[in-house]
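Whatever order the structure lists ligands and atoms in, that order sets their numbers, starting from 1. Values below: all heavy atoms of this structure, side chains included; hydrogens, waters and symmetry mates excluded.
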Amino acid sequence: MKKIRVELNQRAYSVFIGRGILSSLGERLRQLNIGSDCYIITNAWLKKKYSKVLDAPLRSSGFTLRYMIIPDSEKSKSFESACNIFEDLAVVDKKKNIFILAFGGGVIGDLSAFIASIYRRGIPYIQIPTTLLAQVDSSIGGKAAVDMSAAKNLVGAVYQPKAVFSDNGLLKTLSSRQIRAGLAEIIKYGVIKEPGLFDFLEKNYNSVLMLNEAKLEYTISRCVKIKADIVKKDELDQKGIRAILNFGHTIGHAIETAGGYFRYNHGEAVALGMLVAIDISRLIGLANEKAARRIDCLIQQTGLPHRIRGIGIDAIVKAHYHDKKFKGASNRFVLFKDIGKVMLVENVPLSVIKKAIKNRF
Ligand SMILES: NC(=O)c1ccc[n+]([C@@H]2O[C@H](COP(=O)([O-])OP(=O)(O)OC[C@H]3O[C@@H](n4cnc5c(N)ncnc54)[C@H](O)[C@@H]3O)[C@@H](O)[C@H]2O)c1
Ligand SMILES: [Zn+2]
């Protein structure tokens, strides 16, 4: 088992990574002293498949359990779902000793964090990410949000969990499409921060896709460490440091939104968004061409999408205006210089953005 600290002074917490770590979940939660009533937010399939993994360690440590089942869709990351859950919490939270346990992928994690951040002005929550994408990215860093029809993650907060438990044994039931989606965010970490991780992925992407335990544990730990270090320096995303995690996300989110949140999943949209960001970087003369080709090639080899299908360019351009990551500029992109080197660029001309998107049709 690996333990990585997200160092945030009084909000610091540990990310536990390893196969089988959930057997000690009850004891570890007891040590955190976050309450006695565990409110588990998950979906029906995950509950049926995995409740036995959670129930025994939690009950034997004296926790009461209540499951809240939400529909399995990005559409669950909504105000409506949050309100339904607030109503239920208000009824069941008699002893005011409740904490939330998010058991699922990024959708459940983001929604649970959002609820925990505002219910009774904030209650403790725990992340148990069950997708590769959530284990390497969304469960760490405290970004809590719900989507609006105009744009993703438009309403939310930064609210840190009390701990994260990443058991890669849970990934065995993921579809290969979902594993690839996680790999897209992993490639992102290599590109923005760690050439060594990128080299490793070029040689080992297939082992990661096949869920090789040692390679997976190494990969997840590297990504968590990179994200923990970035979040530590810029928790509230105000210094332009955390912003580099959005590489591929400006156009990626626009593709996800324009596709109605179902044509492309988050990781697939991010893969396409990274390719568009690289093309913008090429067009403005920023990109190291050899390195850019290595990324193109890795994304194609992993089977992630590299051409945009079934969405019009105008819908993508319209959706990208709702990106909330810039103020006082017409847009802000994380652009690519070399592997391990990205930079923030504001006010990219619309003609360049459109050309780069067109390149990917
Ligand atoms: N908060 C952040 O910092 C952050 C970062 C990246 C992404 N996100 C958000 O995360 C979301 C995407 O997360 P995701 O890719 O995990 O999607 P998801 O939560 O929709 O999960 C993908 C699918 O996998 C299924 N699933 C989950 N665990 C499984 C398991 N162990 N076995 C089999 N099936 C399983 C789910 O039921 C779902 O159908 C997006 O909403 C995105 O905006 C947030
Ligand atoms: Zn992402």
Ligand 1 contact by [X], heavy-atom criterion under 4.0 angstrom:
X	value
Glu185	yes
Arg242	no
Asp137	yes
Leu171	no

Given 3.5 Å as the limit, does a donor-acceptor pair link the side chain of [X] with the main chain of [Y], or not?
X	Y	answer
Ser281	Phe336	yes
Ser76	Asp72	no
Glu217	Gly18	no
Asp234	Arg242	yes
Tyr13	Leu8	no
Asn331	Asn347	yes

State the atoms of ligand 1, each with its element, that fall below the 4.0 Å cut-off from a heavy-atom position in [X].
X	result
Lys152	40 (C), 41 (O), 42 (C), 43 (O)
Leu170	30 (C), 31 (N)
His266	6 (C), 7 (C), 12 (C), 42 (C), 43 (O)

Atom NZ of Lys193: over 12 foreign heavy atoms under 6.0 Å:
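No - once you tally the heavy atoms of other residues, nucleotides and ligands closer than 6.0 Å, there are 12 at most.
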Taking atom NZ of Lys52 as the centre, does the number of heavy atoms from other residues, nucleotides or ligands within less than 6.0 Å exceed 12?
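Above 12, so yes.
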Per-residue contact class, [X] against ligand 1 - non-hydrogen pairs under 4.0 Å:
X	value
Val107	both
Leu46	side chain
Asn153	side chain

Evaluation steps, salt bridge (charged side-chain N to carboxylate O under 4.0 Å, His left out), between Asp199 and Arg294:
CA-CA 10 Å; Asp199 295 348; Arg294 282 173 70 194; 2.8 Å; yes
His266 atom (N/O/S) at minimal separation from the Zn ion (ligand 2)
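Within His266, restricted to N, O or S, the Zn ion (ligand 2) is closest to atom NE2.
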Which atom of Glu185 approaches the Zn ion (ligand 2) most closely (N/O/S)
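Result for Glu185 and the Zn ion (ligand 2): OE2.
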Is there at least one pair of N or O atoms, one from [X] and one from ligand 1, spaced under 3.5 Å apart?
X	answer
His253	no
Glu256	no
Leu133	no

Tell me: protein heavy atom nearest [atom], and distance?
atom	result
atom 4 (C) of ligand 1	Ser138 CB, 3.2 Å
atom 35 (C) of ligand 1	Leu174 CD2, 3.5 Å
atom 9 (C) of ligand 1	Asp110 OD2, 3.4 Å
atom 21 (O) of ligand 1	Thr131 CG2, 3.7 Å
atom 30 (C) of ligand 1	Thr173 OG1, 3.5 Å
atom 28 (N) of ligand 1	Thr130 OG1, 2.7 Å

In the single-linkage hydrophobic clustering (I, L, V, M, F, W, Y; side-chain heavy atoms under 4.5 Å), do Ile226 and Leu298 co-cluster?
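In one cluster: yes.
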Looking at non-hydrogen atoms alone, which of [options] comes nearest to [atom]?
atom	options	result
atom 22 (C) of ligand 1	Lys77, Gln178, Lys188, Lys227	Gln178
atom 13 (O) of ligand 1	Ala134, Gly106, Ser73, Ala184	Gly106
atom 40 (C) of ligand 1	Gln135, Glu74, Gln127	Glu74
atom 38 (C) of ligand 1	Asn168, Val146, Asn43, Asp72	Asp72

Mind checking whether Phe86 and Phe114 have parallel, tilted or perpendicular rings, split at 30° and 60°?
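Geometry flag for Phe114 against Phe86: tilted rings.
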Parallel, tilted or perpendicular: ring planes of His266 versus His253, cut at 30 and 60 degrees:
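Ring orientation, 0 to 90° scale: tilted.
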Do Arg28 and Phe165 meet the cation-pi criteria used here (NZ or CZ under 6.0 Å from the six-membered ring centre, within 45° of the axis)?
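Negative - Arg28 is either too far from the ring of Phe165 or too far off its axis.
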Does the cation-pi check pass for Arg30 over Phe63, that is, NZ or CZ under 6.0 Å from the six-membered ring centre and within 45° of its axis?
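Yes.
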Do Phe103 and Tyr67 have ring centroids that are under 6.0 Å from one another?
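Between Phe103 and Tyr67, which both carry aromatic rings, the centre distance is not below 6.0 Å.
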Does atom 11 (C) of ligand 1 have a protein heavy-atom neighbour under 4.0 Å away?
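Yes.
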